[in-house]
Asker: 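Have a look at this one before I ask anything.
Counting starts at 1 for both ligands and their atoms, in listed order.
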Amino acid sequence: MVKMRDPTSFLREEYEALVKSELDWKIRVLQGPSTPWCVVDGKKVLMFCSNNYLSLSNHPKLKEAAIKAVQTHGAGSGSVRPIAGTMDIHVELEKRLAKFKHAEASLVYQTGFAANAGLIPQLVGKEDLIISDELNHGSIIDGVRLAHGERAVYKHSDAQDLRRVLDEAEKHSPPYRRILIITDGVFSMDGDIAPLDKIAKAAAEHGAMVYVDDAHGEGVLGEGGRGIVSHFKLTRDLVHVEMGTFSKAFGVVGGHVSGSKDLFNFAYNKSRTWLLSGSHPPAVAAACIAAVDVLEKEPQHVKTLWEHTTYFKKAMKDLGFNIGNSQTPITPIIVGESGVAKKLSQRLFEEGVFALPIVYPMVAREKSRIRTIMNAALTRKDLDFAISAFEKIGRELQII
Ligand SMILES: Cc1ncc(COP(=O)(O)O)c(C=O)c1O
């Protein structure tokens, strides 16, 4: 007799286990746009945790471009890119982005996740090695899991440890055909920047390929927000794949890779996520072009973002909060226990500041935190409002 299975009972059981251990996501709902003051679950709050660093999602040029593209090109693209879904605006976006990035070519994917999941597995085969920072983003991890090559990990942002792994790799017999080194540009839990200059130097000594995921650096780091390669003033013969997203500082959605024309030709012919999934609706492509345009013509947004970041970090540090070692507009407020982080987030929300707690397993158990993300559209008055709320509740919960 075959033992009868219950095909779906695990769905509820596993969900209930998550709820019991308080690891389930409690989804808050934005009622309206992601603006500095917005309505979340019916309450007017100051947005302090979105990735919309420059508030470009609300920029009139992006909104106008999206509306116009619907009128001229329709609501959808009708196909995947390689069949009938490449419109003139997709091509224009890639040209504009490559120019902005000072790269030979850029290729646009549906999302940053799709870029990592689609391209990484194609860059390495059975005879190759991928070397990854131990704290890389989940989309890189999934891309690496789909790859057939061997894998190694180096200590977080530790170029010395990377060198150790590279030296070890050279002892492999037969020698690895290719080595791919892959890292986040900005690590989103702590806001620290990968030492890409040192990584690229070590890679060059071994003929390894360098792939950087600059999702949180784009529109934030480098000249006019051109990203991490610009930040370190590196050349494209040292950093071979600069991957990024339109879903954060660019204020829209979509992923991309920039680099050589060879990379472009290889990537679009081989990435299954690019080949087998529908292309962006015209409104998305047009809004992304407008975002590139705004970054080129209105440098004030990036400048304000950094001024606000410096002001906020100083105020929080002066109050006695542990803000970690962030070098970017991501400022973690590290409080220790998960219960304290959750309570802090809840009380901040009641006082009108929206910032989510980040707890285990996303960070170590004793490093639970509130992760704040700065936004260029906030005013000094808004920042002072948030700082006062943090001060009041920080004292109430005896964090400071
Ligand atoms: C480092 C990193 N890479 C990739 C992604 C995925 O980007 P997208 O939202 O475009 O899929 C994210 C988004 O959370 C990210 O933080």
Asker: Any chance you could lay out the side-chain contact (heavy atoms from CB on, under 4.5 Å) test for S34 and M47, step after step, and finish with the verdict?
Answerer: CA-CA 8 Å; S34 177; M47 172 60 86; 4.0 Å; yes

Asker: With sequence neighbours left out, write down each residue that passes ring-ring contact (aromatic ring centres under 6.0 Å, His included) with Y154, or none if nothing qualifies.
Answerer: none

Asker: What residues form a ring-ring contact (aromatic ring centres under 6.0 Å, His included) with W37, not counting sequence neighbours?
Answerer: F385

Asker: Salt bridge between R347 and E351, side-chain N to carboxylate O under 4.0 Å?
Answerer: yes

Asker: Measure up the F48 and F390 rings against each other and bin them: parallel (under 30°), tilted (30 to 60°), perpendicular (over 60°).
Answerer: tilted

Asker: Pair up each side-chain donor or acceptor in residues 273-283 with any protein partner under 3.5 Å, not counting sequence neighbours, and list the distances.
Answerer:
residue : atom : partner : partner atom : Å
T273    : OG1  : A114    : O            : 2.7
W274    : NE1  : V108    : O            : 2.9
S279    : OG   : S77     : OG           : 2.7
S279    : OG   : S79     : O            : 3.3
S279    : OG   : G85     : O            : 2.7
H280    : NE2  : Q110    : O            : 2.9

Asker: With the criterion set at N/O pairs under 3.5 Å, what does the list of contacts between the protein and ligand 1 look like, atom names and distances included?
Answerer:
residue  : atom   : partner : partner atom : Å
ligand 1 : 3 (N)  : H137    : ND1          : 3.4
ligand 1 : 3 (N)  : D213    : OD1          : 3.2
ligand 1 : 3 (N)  : D213    : OD2          : 2.6
ligand 1 : 9 (O)  : S247    : OG           : 3.0
ligand 1 : 10 (O) : G112    : N            : 2.7
ligand 1 : 10 (O) : T245    : OG1          : 2.6
ligand 1 : 10 (O) : S247    : OG           : 3.4
ligand 1 : 11 (O) : G112    : N            : 3.2
ligand 1 : 11 (O) : F113    : N            : 3.0
ligand 1 : 14 (O) : H137    : NE2          : 3.4
ligand 1 : 14 (O) : K248    : NZ           : 2.9
ligand 1 : 16 (O) : H216    : NE2          : 3.2

